[in-house]
Amino acid sequence: MTVNLLDYDREGLIHFLAEMDEKPFRARQLLKWIHQSIQPDFNQMSDLAKSLRTKLSESSVITVPQVLRDHTAADGTRKWLLSVGAENGIESVFIPEENRGTLCVSSQVGCALACAFCATGKQGFNRNLSVAEIIGQLWLANKLLMEAADNQPVLKTRSGISLAQIEQSARKVTNIVMMGMGEPLANFENVVTALNIMIDDHAYGLSRRRVTVSTSGIIPAMDRLRQRCPVALAVSLHAPNDSLRDRLVPINQKYPIRDLLAACQRYLLDAPRDFITFEYVMLDGVNDSASHARELIKLVRDVPCKFNLIPFNAFPNTEFKRSSPESIRIFRDMLMQAGLVTTVRKTRGDDIAAACGQLAGRVYDKTRRTTRVNVEVN
Ligand code: SAH
Ligand code: SF4
């Protein structure tokens, strides 16, 4: 059986190589070739013995999802639509900023958790992404960003460094947020293996602080993530009490707020950052009043945290509306005055529908078996 080497972290590669009587250090070499040199051709892997290269080409491949569309917005945000077979599509979004480049990565096709304000949730669950499909989003982003930088004219600055080189470093992925389509902790093993590759010094070497998993609050999986691969954590809170959260984020009926906050406290014992980021989608007239803000402030009193307010991004047939800029400002100011660091998420790439909740992965809609539809996903 042919294996895709993008499915393996270092441990997986060591195991795979051992079956061919190859030494563990070969795993490090392979990781470097695959993820750092972005080299999919075994024949070009010059420091591997010829016999190993032959064995690898007979047993394995290095393949990533095919790019169906590639759009760049006016603000530099770049969005790729990737094919993951059976007419399923997923999207990744690259958000360049002055001193970092963040890639928003998907973990599932669709999502089973059915949050009321989320188009992916409305669409239902199709399937988990494989490790190769998750890490392939990063592999592809770096490759395509590097190619774009290589195509820049080579001009020299006074210090002798080419502008293309500066551009190149500015346009590589430096941060990951697992905030694309799907619930990462519902695809636990594949996500953890992909995280291992992201933070491995022989692969992407990203610090755990620069890799963020966003979850709607699957408590047992949060505890397992803490033990297996503690990275930065964002929790989708969205409501200050159980009755409202039960409605907006139905998984709350199973894992209510009090237990969720206790899980956040436990997570912080091993987390690379000393705070949890709470995401809070701003829904007009639903969760955005001054009394909601007061309730929220009381609720998180004992949890070291920061808030990220996300203006709701609408999609067809949604019952919700985005809060007004004025209510978002008042809400933010109340949290800030209570000592909570609060940011309002900028809507990036909205001219190419790349903002949170606007991604348009094509998903096979299981509720309408004969049609394939364009849906919006977060
Ligand atoms: N499933 C995970 C991660 C993906 S969603 C989670 O729920 O945390 C990333 C963020 O986008 C979450 O906070 C999610 O609640 C939010 N989101 C979903 N739909 C949105 C929409 N239509 N507008 C704004 N934010 C949305
Ligand atoms: Fe799933 Fe996250 Fe959307 Fe909820 S918000 S349905 S958990 S992707």
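As the structure lists them, so they are numbered: ligands from 1, and atoms in each ligand from 1.
Atom numbering of ligand 1 starts at 1 in the shown order; those under 4.0 Å from a heavy atom of H238 are 13 (O), 14 (C), 15 (O). Ligand 1 places these atoms under 4.0 Å from at least one heavy atom of I310: 13 (O), 24 (C), 25 (N). If you number the atoms of ligand 2 from 1 as listed, the ones under 4.0 Å from a heavy atom of G182 come out as 8 (S). For ligand 1, the atoms lying closer than 4.0 Å to a non-hydrogen atom of V281 are 24 (C), 25 (N). Heavy-atom contacts of G180 reach the following atoms of ligand 1: 4 (C) (cutoff under 4.0 Å). Residue-ligand proximity, S236 to ligand 1, at heavy-atom distances under 4.0 Å covers atoms 6 (C), 7 (O), 8 (O), 12 (C), 13 (O), 15 (O). Per-residue contacts place G121 under 4.0 angstrom from the following atoms of ligand 2 (heavy atoms of the residue considered): 6 (S). Below 4.0 Å from some heavy atom of G182 lie the following atoms of ligand 1, by number and element: 1 (N), 2 (C), 3 (C), 4 (C). Using a 4.0 Å cut-off to heavy atoms of S216, the atoms of ligand 2 that qualify are 7 (S). For ligand 2, the atoms closer than 4.0 angstrom to any heavy atom of A114 are 6 (S).
Contacts between T215 and ligand 1 below 4.0 angstrom, taking non-hydrogen atoms only, involve the backbone exclusively. With a 4.0 Å heavy-atom cut-off, ligand 1 is reached by the backbone of E183 and by its side chain too.
Of all non-hydrogen atoms in R266 and R226, the two that sit nearest each other are O-CD, 3.1 Å. Residues R53 and F42 come closest through the heavy atom pair CD-O, 3.0 Å.
Under a 4.0 Å N-O distance rule, the pair R329/E326 qualifies as a salt bridge. Using a 4.0 Å cut-off between charged nitrogen and carboxylate oxygen, E19 and K55 do not count as a salt-bridge pair. The pair E189-R228 counts as a salt bridge, with a side-chain nitrogen and a carboxylate oxygen less than 4.0 angstrom apart.
The side-chain hydrogen bond (donor to acceptor under 3.5 Å, both in side chains) test applied to S289 returns S291, H292, not counting sequence neighbours.
Residues V173 and L145 are in side-chain contact: their nearest non-hydrogen atoms beyond the backbone lie under 4.5 Å apart.
Using cut-offs of 30° and 60° for the angle between ring planes, the F94 and W80 rings count as tilted. Below 30°, between 30° and 60°, or above 60°: for F307 and F278 the angle between ring planes is between 30° and 60°, a tilted geometry.
The distance between the ring centers of F117 and F312 does not fall below 6.0 angstrom.
Contact between S107 and ligand 1 is absent, with no heavy atom of the residue lying under 4.0 Å from the ligand. Judged by the shortest distance from any of its heavy atoms, S236 lies outside the 4.0 Å radius around the atoms of ligand 2.
Among the atoms of C118, an N, O or S atom falls under 2.8 Å of atom 3 (Fe) of ligand 2.
An N or O contact shorter than 3.5 Å links N313 to ligand 1 by distance. When only interatomic distances are considered, the shortest N/O to N/O separation between F117 and ligand 1 falls below 3.5 Å.
Clustering of Ile, Leu, Val, Met, Phe, Trp and Tyr side chains at separations under 4.5 Å places I330 together with M334.
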